[in-house]
Structures are given as C-alpha cells and as structure tokens.
Amino acid sequence: MTPPPAEETVKKRSQDDYVFGKVIGEGSFSTVYLAKDIHTNKEFAIKVLEKRHIIKENKMEYVMREKKVLQILGNSTYFVRLYCTFQDGERLYFVLTYAKNGDFLTFLNKTSSLMLDCVRHYAAEIVLALETLNTKGIVHRDLKPENILLDENWHILITDFGSAKILIPVEGEKNESDEEGSQKRRNSFVGTAQYVSPEILTDGKVSFASDLWAFGCILYQMVVGLPPFRAGSEYLIFQKILKLEYEFPTDIDTTIQDLIKNLLILTPEKRLGANESKIYTSIRQHPFFRDTNWNNLGPAPKILPSEASALGQSQAAIPENLQPGLDEKKESMLHAEIFGSPMATPTRKKSQTKNIADLSEEEIRRRLETQKTDRWHNLVEGNLILKQGLVDKRKGLFPRRRMFLLTLGPHLYYVDPTTMILKGEIPWSPDIKTEAKNFKTFLVHTPNRTYYLEDPDGYALEWCKAIEELKVHYFPESKT
Ligand code: ATP
C-alpha cells in the first residue's frame with residue numbers, strides 16, 4: 001500500500017493550538033475529541049486524560065506505557081501515530097491520527113461476515129502490522145477488532161497500547177521482559193476475554209505468539225461474524241479457550257479454516273509464525289495468501305458509498321464558532337454530544353400495541369411533575385424518563401458503572417452516578433439496534449459505534465425491549 005502522506009511532527013503544542021469538536025470516543029480513563037490544529041487546519045483525535053482520575057486509579061504506568069510504545073512505533077504504517085503530547089494542571093493530552101472510518105468491530109458488525117478477498121486484504125494488513133510489532137519488540141496483548149481503527153482510505157490503524165509489553169529494551173532503558181520475569185503473577189489476566197491466549201490465562205507468559213492467537217480469533221470473526229470462543233461469562237469463555245472449544249460453520253472456506261486452525265493452537269511455540277522473527281514467512285506462504293503481493297497490498301477493498309457513510313464518522317464536525325482550548329464548560333458541552341449527533345426529527349405514530357412511549361399528553365405532564373423531585377431530573381434536559389438503571393458500560397478492559405436514563409425525545413443518557421456528571425448519550429437514529437447476548441449483556445449498535453453494556457441485575461432483555469419500542473415509536477418506518 002502507499003504509506004499515508006508524511007506529516008510534519010508538531011512540537012511544543014498546547015491545548016490552545018487546537019479547536020476541540022465533538023467527543024468521538026470514551027475510554028476507561030480518557031475522552032477522545034475530534035480536534036483541528038489552528039495552524040494547519042489538520043484534523044486529529046486528541047485523547048484527554050484527567051490526571052486526578054489516572055492517579056486515583058493507579059493507571060500512570062498504563063498511560064506511560066501507551067506513550068512509550070506509540071513513540072517507538074513513530075510513523076509506522078498501520079498504526080495510529082502520536083504527533084505530540086502536552087499537559088495542563090488537570091489533564092494530559094495525546095494528539096493522535098484521526099481514524100475517520102471508526103473501528104473494525106463496527107465494520108465487522110455492519111457487514112456481518114466479509115467476502116474472502118476483503119478478509120485476505122485486511123488479514124494481510126494485520127500480518128504486516130504484527131511484523132512491525134515483532135521487529136520493534138512489542139507485544140500488543142489486547143489485539144481485537146475494537147482496537148483496530150480505519151483511516152480515511154479504509155486502511156487499518158492499530159491502537160490502544162496501554163496493555164502492551166516491550167520485550168526488546170530501548171537503548172539505555174530497563175528491559176521490561178526482565179521485570180516481567182521477576183514480577184510474573186500466575187493468572188494475571190491482560191487482554192479481552194474473547195481474544196486472550198491460553199498461555200496468558202495459565203502462566204502469564206508473554207510472547208509475540210499471544211498476538212498471533214488474537215490474530216486467529218480476529219480472522220475467525222471476519223469470516224464467521226462472531227469471535228470463536230463465546231459464552232455467557234468471562235469464566236466460561238476462558239474454559240472454552242483452555243479446551244480449544246470452538247467450531248466452524250459448515251460453509252467456511254477450507255483454506256482459511258486451515259490458517260485459523262494453525263494460529264489457534266494451545267502451545268504458543270507451535271502457532272504458525274511463532275518461531276520466526278521480524279517476517280512471518282510461514283504465514284505469508286500459507287495458501288490462503290497465494291495471490292497476495294506482500295510488497296504492495298494495494299488499496300483497501302472498495303466499500304459501497306452507502307455502507308461507507310453508515311460506518312464512517314465523516315459527518316463528525318468541528319463547529320466554526322468555537323475558540324481553541326478546552327475548559328470544563330466546553331468539556332461538558334462536547335461530552336453531551338451537542339454537535340453532530342444524528343438526531344432525527346421525532347414523528348409520532350398511532351400504535352395499536354402498548355408501547356413504553358405510548359403516553360397521553362396529560363400522563364406525560366403528570367409524570368414530569370413527579371420527576372422534578374428525582375435526582376436525575378436535572379440531567380435529562382427536562383425529558384421524561386421512561387426507564388433507568390445502573391449499567392456497566394464496557395470499554396476495553398474496564399467496565400464503568402453508569403446510570404442509564406432512557407427518555408422521551410428520544411435520548412439514552414448516561415451519568416456517572418458518583419459525581420452526578422452527565423458523561424454522554426448514545427446517539428439515536430433510525431439505525432439504532434439492540435442485541436441481547438444473555439440476561440446481563442447487551443449491545444447497542446449505532447452507525448458509528450457498538451456499545452457493550454452489562455446490566456448487573458440481569459435486565460438486559462428489558463433494556464433491549466424498551467429501546468426497540470422507543471425506536472418504533474419515533475422511527476416507525478425503520479421497524480423492518
Ligand atoms: P479502554 O481505555 O477502556 O481500554 P480505549 O482504549 O478504547 O478504552 P481510548 O483509547 O481512549 O480508550 O479510545 C476511546 C474511543 O475513542 C475508542 O473506542 C475509539 O472509538 C475512539 N478513538 C480512540 N482513538 C481514536 C482515533 N485515533 N481516531 C478516532 N477515534 C478514536
């Protein structure tokens with residue numbers, strides 16, 4: 001592929017050099033904003049981390065590791081690039097490549113399983129990225145579709161190096177693998193349940209082969225539509241991984257099955273590529289890649305314009321009238337996703353069945369009167385709350401408990417119940433979809449993102465039903 005255009009390294013910047021636009025993502029310790037450099041007009045994703053929060057949660061090491069790994073990777077192809085970092089009294093800022101087309105998980109969810117040529121292309125991009133990691137001595141340890149972003153030309157950009165391990169010492173620095181040897185704890189789980197390798201679950205041993213296992217899981221997900229090891233809880237997923245309990249649907253191409261089987265091998269040293277350094281020759285030579293030109297993978301497969309607009313974030317905008325910098329007021333305004341959320345005009349529908357939102361004007365007025373004394377009332381812009389409950393919003397490794405408030409409007413707000421701060425809302429559109437995985441876990445798919453949610457009390461099905469009813473109420477034509 002043609003490498004992305006070289007961009008000059010930006011030095012000695014501060015938040016006043018950027019206009020901050022909408023929130024494009026939230027991590028456990030961070031908020032990611034779309035931002036524009038006022039000098040060059042270039043767009044970046046700026047990851048903002050609250051120092052207080054990082055220190056309180058003891059995540060300084062995690063943040064420093066991510067910075068260090070991104071610096072080692074520099075402008076390597078297929079990785080998010082860290083342009084610069086800076087800080088103020090309260091926050092740390094990471095200025096990153098803006099991945100305009102969202103993440104690979106949304107891409108996979110939208111397209112269910114991919115055509116084989118498309119799988120081959122993305123698999124080859126991942127192989128080249130894994131070779132770069134191997135060459136630079138980095139094990140990602142949390143490789144999964146959510147951590148593979150897509151740039152404006154639909155090429156991959158691997159991100160999220162907070163869990164990574166540096167195996168080759170950078171000159172003059174301590175070798176982390178030595179520390180690992182002395183600090184190794186049995187069963188210390190790093191990664192995400194579905195993609196974690198058996199050796200990380202058993203002896204915690206870190207090697208490049210762990211990323212090869214994750215690659216096998218991602219390949220499976222590309223062709224089947226779901227990851228290979230699935231169950232109702234992390235514990236059950238781990239059991240399946242340790243027993244290598246997975247199977248292929250009958251219609252899966254046998255060549256790719258063979259490649260996946262050779263990656264999903266319990267003994268790390270036996271995985272395809274595990275004994276090779278820098279170049280994964282045996283993977284490159286697998287028959288699945290027979291027609292791949294490793295020196296030039298070519299453009300990413302064509303995606304239909306309709307799919308592209310549904311997947312991409314191109315509609316995310318930075319309003320013209322904003323001043324550079326970020327203060328608390330602006331932060332909470334951007335958090336509430338005032339800008340760019342694809343809110344459709346509500347159209348009421350006369351429904352025959354009793355729907356959660358089927359309320360007379362009088363009933364709404366009466367309920368709103370009662371709601372005024374409710375502690376959540378001031379956070380929902382005067383909208384009537386139809387359903388509320390504590391839900392764990394999962395992002396990567398760490399779930400965060402939020403009070404979810406489903407209201408007329410429609411809105412699905414989420415609030416930090418400790419600080420009582422409105423953290424954001426899941427954007428509504430006729431394309432919103434829910435998917436209950438079990439009694440606790442459910443997904444809310446929006447065009448730009450899939451939200452992983454867990455109701456600790458087991459009311460996942462009720463949440464899905466309520467959201468679907470509200471959708472039917474406001475977007476009756478989107479029902480089918
Ligand atoms: P956790 O820290 O809980 O593992 P995370 O690593 O996903 O979560 P972040 O790296 O802060 O947390 O990212 C939060 C979200 O922001 C991501 O899921 C993604 O949707 C979006 N995002 C992150 N980086 C970029 C980027 N460079 N371009 C576009 N979107 C991004």
Side-chain angles (χ1 to χ4, degrees), residues 4 7 18 20-36 42-50 53-54 57-67 69-70 73 75 78-85 91-107 109 140-164 189-193 195-196 311-316 318 334-335 337 340 392-402 423-424 426-427 445-454:
E7 298 185 50
Y18 300 91
F20 287 76
K22 71 172 269 174
V23 172
I24 49 178
E26 260 200 305
S28 309
F29 314 103
S30 49
T31 303
V32 181
Y33 296 87
L34 171 61
K36 196 184 261 181
K42 270 182 201 153
E43 287 182 335
F44 294 95
I46 302 191
K47 182 163 166 168
V48 181
L49 304 112
E50 293 281 335
H53 189 43
I54 302 287
E57 299 289 327
N58 204 13
K59 294 294 169 198
M60 209 51 213
E61 194 189 329
Y62 177 94
V63 176
M64 294 316 291
R65 186 176 313 137
E66 173 147 52
K67 180 176 169 183
V69 172
L70 286 170
L73 287 167
N75 64 350
Y78 303 126
F79 294 91
V80 158
R81 176 172 171 188
L82 178 65
Y83 284 85
C84 65
T85 58
R91 310 177 195 94
L92 303 171
Y93 299 80
F94 281 29
V95 181
L96 302 159
T97 323
Y98 172 42
K100 207 167 188 164
N101 281 312
D103 67 68
F104 202 57
L105 180 67
T106 312
F107 178 80
N109 284 340
H140 188 291
R141 293 205 293 186
D142 195 15
L143 198 64
K144 56 181 174 177
E146 224 180 328
N147 287 338
I148 301 175
L149 305 178
L150 294 162
D151 73 9
E152 57 191 346
N153 296 317
W154 300 92
H155 292 296
I156 66 162
L157 292 170
I158 296 184
T159 188
D160 201 356
F161 288 91
S163 310
F189 163 53
V190 174
T192 301
Y195 307 88
V196 77
L311 284 163
Q313 302 184 344
S314 43
Q315 63 274 55
I318 300 175
L334 295 169
H335 247 293
E337 293 179 346
D392 291 328
K393 180 167 169 281
R394 227 177 212 295
K395 276 280 32 228
L397 298 179
F398 310 97
R400 289 195 292 184
R401 191 147 290 186
R402 298 280 178 250
K423 300 298 283 187
I426 296 185
H445 302 287
T446 69
N448 287 334
R449 177 171 160 192
T450 294
Y451 294 78
Y452 283 78
L453 305 171
E454 281 171 30

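Since we're looking at a predicted model, the values are computed, not measured. We count ligands from 1, going down the list as the structure has it; atoms in each ligand are counted the same way.
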If I apply the N/O under 3.5 Å rule, does T97 come out as touching ligand 1? yes

Can you list the atoms of ligand 1 that are under 4.0 Å from a heavy atom of E26? 14 (C), 15 (C)

Side chain, backbone, both or neither: K47 near ligand 1, heavy atoms under 4.0 Å: side chain

Taking 4.0 angstrom as the limit and counting only heavy atoms of S30, give me the atoms of ligand 1 inside it, by number and element. 9 (P), 11 (O), 12 (O)

Would you check if D160 and E66 make a side-chain contact, meaning some heavy-atom pair closer than 4.5 Å? yes

Enumerate the atoms of ligand 1 whose separation from the nearest heavy atom of A45 is less than 4.0 angstrom. 26 (C), 27 (N), 28 (N)

Among V32, L49, T106, which one has a heavy atom closest to atom 22 (N) of ligand 1? V32

Give the ring-plane orientation class for F107 versus W154, where under 30° counts as parallel, over 60° as perpendicular and anything between as tilted. tilted

I need the contact type for Y62 against ligand 1. Using non-hydrogen atoms and a strict under-4.0 Å cut-off, is it side chain, backbone, both or neither? side chain

Would you mind reporting whether H140 and D142 have side-chain heavy atoms less than 4.5 Å apart? yes

Can you sort out the partners of S30 under side chain to side chain contact (heavy atoms under 4.5 Å, CB included), two or more places apart, ordered by chain and number? K47, L49

Proximal ligand 1 atoms for G25, defined as those under 4.0 Å from one of its heavy atoms: 14 (C), 15 (C), 16 (O), 21 (C)

Tell me every residue that passes salt bridge (charged side-chain N to carboxylate O under 4.0 Å, His left out) with E50, counting only those two or more places apart in sequence or in another chain. R91

Contact between L149 and ligand 1, counting heavy atoms under 4.0 Å? yes

Looking only at non-hydrogen atoms, which of G162, S163, A99, G27 approaches atom 28 (N) of ligand 1 most closely? A99

What is the distance from atom CD1 of I148 to atom CG of L143, rounded to the nearest 0.5 Å? 5.0 Å

Min N/O separation D160 to ligand 1 under 3.5 Å: yes

Heavy-atom side-chain contact between L96 and L70 under 4.5 Å: yes

R65 side chain to G162 backbone, donor-acceptor under 3.5 Å: yes

